[in-house]
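Right, one structure below, let's go through it.
Chain letters run A, B, ... following the sequence lines, proteins first, then strands; residues in each count from 1. Just so you know, these numbers come straight off a predicted model, no measurement behind them.
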There are 2 protein chains.
Amino acid sequence: MTATKTAPRWSRLEHDERREQILATARALFTQRPYGAVSTIEIAEAAGVTRGLLHHYFGTKRSLYLEVVKDLVDSPVLSVLNALTAAASEEGAPTWEAGVALWLDVVEANEDAWLAAISAGETGSDRAMHDILDEARERTATQVIAVLGLDEKRVPEARALVRGFGGFAEEITREWLQRRRLTKEQVRLLLVGALPGMVAGLLPEVVSARGL
Amino acid sequence: MTATKTAPRWSRLEHDERREQILATARALFTQRPYGAVSTIEIAEAAGVTRGLLHHYFGTKRSLYLEVVKDLVDSPVLSVLNALTAAASEEGAPTWEAGVALWLDVVEANEDAWLAAISAGETGSDRAMHDILDEARERTATQVIAVLGLDEKRVPEARALVRGFGGFAEEITREWLQRRRLTKEQVRLLLVGALPGMVAGLLPEVVSARGL
DNA sequence: GTCCCTATTGGCAGCCTGCCAGTAAGCCGA
DNA sequence: TCGGCTTACTGGCAGGCTGCCAATAGGGAC
């Protein structure tokens, strides 16, 4: 026997499976260190494959990175969306309080992913990156507008206000998870109270100032 | 005469002068394209020097970039700080309304720099970058706390709230300058109203929820 | 057991950064 | 006015990293 049945040097996975595996590895590394400090060879080795395969699946390092960010941003957003629609079908339209509570739970559960996602952004002035984040935020704003029952057509300023509130929410959540200056309950109170307060107290004024 | 007085191939500038020149060139490029898409040779050529000189002055490409961002972030912040102290010495303590108005004027005047600064941020998870932006925001928060006359010692939650408001303000300003969904006057109304409203309406509630 | 598809490898070419030894601009004292 | 000296500035080399592609070999189909 010349053929001593050699063990396979590498295993052949299904396309999607390998893709997911590489993506997960890349995500782990990119959330730890900035883009430039992670090399493709490092990702490849961590995933147990060669560099060439990364390019086979994702084309370029940058597009792999974009894929990771997209993943990071989408997962929390989608979780909330799913949870909200589930809640809606169970007990009618979800209230604002319920939506905020849900949001906090999801963020708490995906703490690392969420922090990475909101501070992933905008390498200098990268258009593609900017678009991914902006679109996710815009989607969230749409959801919020729906839950609050705002009439976006008559009051386009509502979306701007909600986007502003989004910035507020991100920063407040950082105060909670990163800088530990607030508790979850305090964050809840702030988020629950801030937006309705502004909608009631400021939005009419802002609307009547149109064109100035 | 063998020596036909050859014109100097390059001119020798003073240390600080050359440094400023390179920095300005780098800023122009980095505000247009992301970090990775700008090469040192490009910066060098645009500045009319060689690549080696960049490293002579700034050591590494990354530290040149950090210098640019620091510059970008500091200039608007410092402008407002200066203007505020000037206003204060003229007519006593500045009011919140006056502070907001000032802020808007400064931002409007430095529109490009400001937009670049707030979206320059956080290359992936770059500590140094993060620190620069965070420190600038923290400084702004301090200023706001002072203008509003909040007692930070007794109410540490005030700073968290103000930071949250900072996120709101950044996003709202984007709505004005970038997405053009709000006018300057609308932004003014929102900024003037939002924070005092939250301080009066939410802060007490948040404080009494300490430890939860 | 054989064939074939394609997932996977391995190495080459080009670019870019960091570095350093050498060169020359231009001020300064004689 | 002229030589000397400081140091701003240049030019090219070395290492590393990305993008690419032809060759190889799992492993399922038949």
Rounded to the nearest angstrom, tell me the gap between atom CD in B:E17 and atom P in C:dC27.
-> 12 Å
Atom pair distance, as rounded to whole Å: CD in A:E45 and C1' in D:dC17 | 13 Å
Mind checking ring pair (Phe, Tyr, Trp, His ring centres under 6.0 Å) for A:F58 and listing every partner two or more places apart, or none if nothing turns up?
-> none
Under 4.0 angstrom between B:H55 side-chain N/O and C:dC19 OP1 or OP2 | no
If you look only at pairs with a residue in residues 42-56 of chain B, which of them pass as a salt bridge (charged side-chain N to carboxylate O under 4.0 Å, His left out), with sequence neighbours excluded?
-> B:R33-B:E42
For B:I22 and D:dA8, give me the distance from atom CD1 to atom C1', rounded to whole Å.
-> 10 Å
Nucleotide nearest A:K61 (side chain, heavy atoms from C-beta), chosen from D:dG19, D:dC17, C:dC16 | D:dG19
Sequence-distant partners of A:T183, side-chain contact (heavy atoms from CB on, under 4.5 Å), two or more places apart | A:E185, A:Q186
Quick note, salt bridge (charged side-chain N to carboxylate O under 4.0 Å, His left out) partners involving residues 94-110 of chain B, not counting sequence neighbours, are B:D105-B:K184, B:E108-B:K184
Summarise protein proximity over nucleotides 6-13 of chain C in one line of letters, 5' to 3': B for base, S for sugar-phosphate only, - for none, counting protein heavy atoms closer than 4.0 Å.
-> BSBBBB--
Grab the CD1-P distance between B:I43 and C:dC16 for me, whole Å please.
-> 12 Å
Do the ring planes of B:H15 and B:Y57 sit parallel (below 30°), tilted (30 to 60°) or perpendicular (above 60°)?
-> tilted
Residues 156-172 of chain B vs salt bridge (charged side-chain N to carboxylate O under 4.0 Å, His left out), sequence neighbours excluded, gives A:R163-B:E171, A:E171-B:R163, B:D134-B:R163, B:R137-B:E170, B:E138-B:R159, B:E138-B:R163, B:E152-B:R159, B:E157-B:R210, B:E171-B:R174, B:E171-B:R179
Can a side chain N or O of A:T40 be found less than 4.0 Å away from OP1 or OP2 on D:dC17?
-> no
Whole angstrom value for the distance that separates C1' of D:dT7 from CG of B:D16 | 14 Å
Hey, is the side chain of A:T60 poking within less than 4.0 Å of OP1 or OP2 on D:dG19, counting only N and O atoms?
-> yes
